[in-house]
Amino acid sequence: MSATAPKTVREFRHVLLWPLQLRRLRRETGFASHWDALRANPGPWAEVKDNLLAEDETCQSGYQEFVYFLPYVQRFLYGFGEADAQTPASLHMFRRDDIATARVRLRQGDAPLDLAVERVRLVFFYDQDVAILAFEVTARDIALADAVELMDRFGRPYPPYWDAPGQGAHCTFSVEFLDAAGTLLSTSDYGDRDKYVGLVRDIKQTPLSLHWEYLLHPMVPAYLGGGLLQYYQIENKRIPIMTYLAFDDPRSLTRGDLARIGFAAKWGDSATLPFAPRFLADFEQKHCYDRYWDGEDPVSGMNTRFVFCGVAFAMVTRHDDARTDLVHTFRRQFFQIGLIVNFHKAALLNLSNRFSIAVERLRVGDYVSVRAFKDSVRESLELFLRFNHRYWFHEISNQVLASDMFARWAHQLGSDALFREVREEAQDINRYLDADRTRKAGDNAMRLTVVSALGMAGTVVTGFLGMNLFSHADLKAWDKFWVFMAVLVPTVALGLYTVVVSKRVATFFEAMSSERLTWRQKLTAFRQIWRPPPGAPKVRKRVAGGDEPTRRNAGQPPRRSPGNTRH
């Protein structure tokens, strides 16, 4: 077969793993978690009672999937047995089965492609405001050009721009969801330019196509509001994907074909490359995992290549109707690996987002703002600590293939580097809080020292006398009370006033102890107790609940400027 001859994908499986950031539930809702809220109002969703049996009630393939992972990963994915039933499960899964077909038109005037919908799952994670939508479609005997265009266009939540009126760039022309009877359930609106431009202009939020909103209902995008379960996007422009492509002869694919499959790039002539040759010089070493691939020996049986390129993962293999183990492995074990690595990145972006928002809302000098900042940061630090010890895996399996895939996939998503950045953010903020606590403790110690020093004279006098200067033993009870109040009130007032001027008194004490200052300078320091020097800073009053704060440079911990959208 020549390089330019049309190639056919015998089996095409395309899975979207869409991470979403969930808006935290308010206490007045009465729900402790997002899955509890969805359970109370499920709409088309049904809760999956046992994640291990979600695809196979007999547990035949589920057994192979379960033993594929290490014990702590098994507990993360499938929960605990009856002996540990009191331990909260890490994953809460819902499914919907009403959508049978996704009818896709890649461009205006193209014939529709009917993709069978085989899996729609919504996964929530304990202790993390993150959910992942898993959406799997399949097709058989489609042109490679259409398969690559689907990889590039189908997983787009919104059009980045428009090639022509009604045709979004890098987007399908239309997507229709149909039920088993062929009834239309929802359709996309990528061509409605006014809608997308208007929403971005008015509310500064990235809108979604209508068919994605329908798929996630009763959850609603945060820019619409009004729903109990609201979500934001974490990944912009492209939903992370994993794709299975089976060919009669995968060795007939050119280097350009494999690069387009790996990067889910726009289709082009097989004899050409999608990017510059220098950019693709290390494509095989950097992006291809060839443990089971030998492109030169047809009888070797090594027909499977794995390609990792950013948010895209592709498995290219030989089609054989007699073998179903590769499909099962892709849909079960590899799917779980994809779920884990995309959850890691989504949770880290969510934590970084929380740190960023807390710092942006901090107003140094505003007591209410500082208190809210400390509460928010402490909660985020606790979430990061629990994520680090409960969810952050370095090894997921003792199977070499699974271990290598996990490491490569996570590296391509940038999870390790992102984890280090989030940890540095947490350490920076923690150091800021420690420094603030140390400063306050020093101020309090200074005030107590000043009050004790000024009260020492009265303590020494009364202790030296060892008796009462005035005898009130014979007075009536009410007279004793008023005498007590006459002494208590001035004493308390004097103590409070001493606290108010404690910094200036401390400055006077420091001047008195200095051997370099003259007595005139020491006298000046004494006068400043009651008369602050000209130009001393004045405390500005702030009103809580005012306009949204702006960032200030002074007194704020450093913050990374991540590339993801902040909400």
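Fair warning: this is a prediction, and the values are worked out from it, not measured in the lab. Residues: numbered from 1 along the sequence shown.
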Closest contact, heavy atoms only, Arg332 versus Leu52: NH2-O, 3.4 Å
Search all heavy atoms of Leu229 against all heavy atoms of Ala37 and return the closest pair with its distance. CD2-CB, 3.9 Å
Do the ring planes of Phe124 and His34 sit parallel (below 30°), tilted (30 to 60°) or perpendicular (above 60°)? parallel
Angle between ring planes, His287 versus Phe283, binned at 30° and 60°: parallel, tilted or perpendicular? tilted
Please walk me through it: do Phe334 and Phe306 pass ring-ring contact (aromatic ring centres under 6.0 Å, His included)? CA-CA 11 Å; Phe334 294 172; Phe306 305 99; 5.6 Å; yes
Exercise: identify the closest heavy-atom pair between Arg96 and His217: NH1-O, 4.2 Å
Can you tell me if Gln21 uses its side chain to pair, donor with acceptor, with the backbone of Ile234 under 3.5 Å? no
Quick one: closest heavy-atom pair of Gly310 and Gln412, and the distance? N-OE1, 3.0 Å
Between the main-chain N or O of Tyr391 and the side-chain N or O of His344, is there a donor-acceptor pair closer than 3.5 Å? yes
Which class fits the ring pair Phe393 and Tyr72: parallel under 30°, tilted 30 to 60°, perpendicular over 60°? tilted
Between Thr29 and Arg26, is there a donor-acceptor pair closer than 3.5 Å when you use the side chain of the first and the backbone of the second? yes
Do the side chains of Lys7 and Asp257 get close enough for a salt bridge, i.e. N-O under 4.0 angstrom? yes
N-O pairing of Asp163 and Arg107 below 4.0 Å: no
Check: Phe373 and Arg363 side chains under 4.5 Å, non-hydrogen atoms: no
Inspect the contact between Arg238 and Asp152 and indicate whether a charged nitrogen and a carboxylate oxygen are less than 4.0 angstrom apart. yes
In terms of the angle between their ring planes, are Phe263 and Phe275 parallel, tilted or perpendicular, with boundaries placed at 30° and 60°? perpendicular
Only residue of Tyr289, Phe406, Trp409 satisfying ring pair (Phe, Tyr, Trp, His ring centres under 6.0 Å) with Phe313 is Trp409
Option among Leu413, Leu349, Leu351 that satisfies the side-chain contact (heavy atoms from CB on, under 4.5 Å) test with Leu418: Leu349
Thr272 and Arg260: side-chain donor and acceptor closer than 3.5 Å? yes
Name the residue from Glu379, Glu425, Glu382 that meets the salt bridge (charged side-chain N to carboxylate O under 4.0 Å, His left out) definition with Arg354. Glu379
Is it the case that the side chain of Ser380 and the backbone of Ser376 share a donor-acceptor pair, with hydrogens and angles ignored and the cut-off at 3.5 Å? yes
Whether Arg119 engages the ring of Phe335 as a cation-pi pair (distance to the six-membered ring centre under 6.0 angstrom, angle to the ring normal within 45°) should be assessed. yes
Before you tell me yes or no, could you show the steps for Phe12 and His319 under ring-ring contact (aromatic ring centres under 6.0 Å, His included), namely the whole-Å CA-CA distance, both residues' side-chain angles and the distance that decides it to 0.1 Å? CA-CA 10 Å; Phe12 174 77; His319 177 66; over 10 Å; no
Do we see a donor-acceptor contact under 3.5 Å between the side chains of Glu11 and Thr138? no
Nearest atoms (heavy-atom pairs only) where Gln64 meets Gln333: O-NE2, 3.8 Å
Tell me the salt bridge (charged side-chain N to carboxylate O under 4.0 Å, His left out) pairs involving residues 36-53, sequence neighbours left out? Asp36-Arg39, Arg39-Glu47, Glu47-Lys49
Atom of Pro42, atom of Pro218 and distance for their closest heavy-atom approach: O-CD, 3.7 Å
In chain order, what residues pass the side-chain contact (heavy atoms from CB on, under 4.5 Å) check against Leu185, with sequence neighbours excluded? Asp98, Ile99, Phe177, Asp179, Tyr214
Stepwise side chain to side chain contact (heavy atoms under 4.5 Å, CB included) test for Thr187 and Leu210: CA-CA 7 Å; Thr187 187; Leu210 287 177; 6.0 Å; no
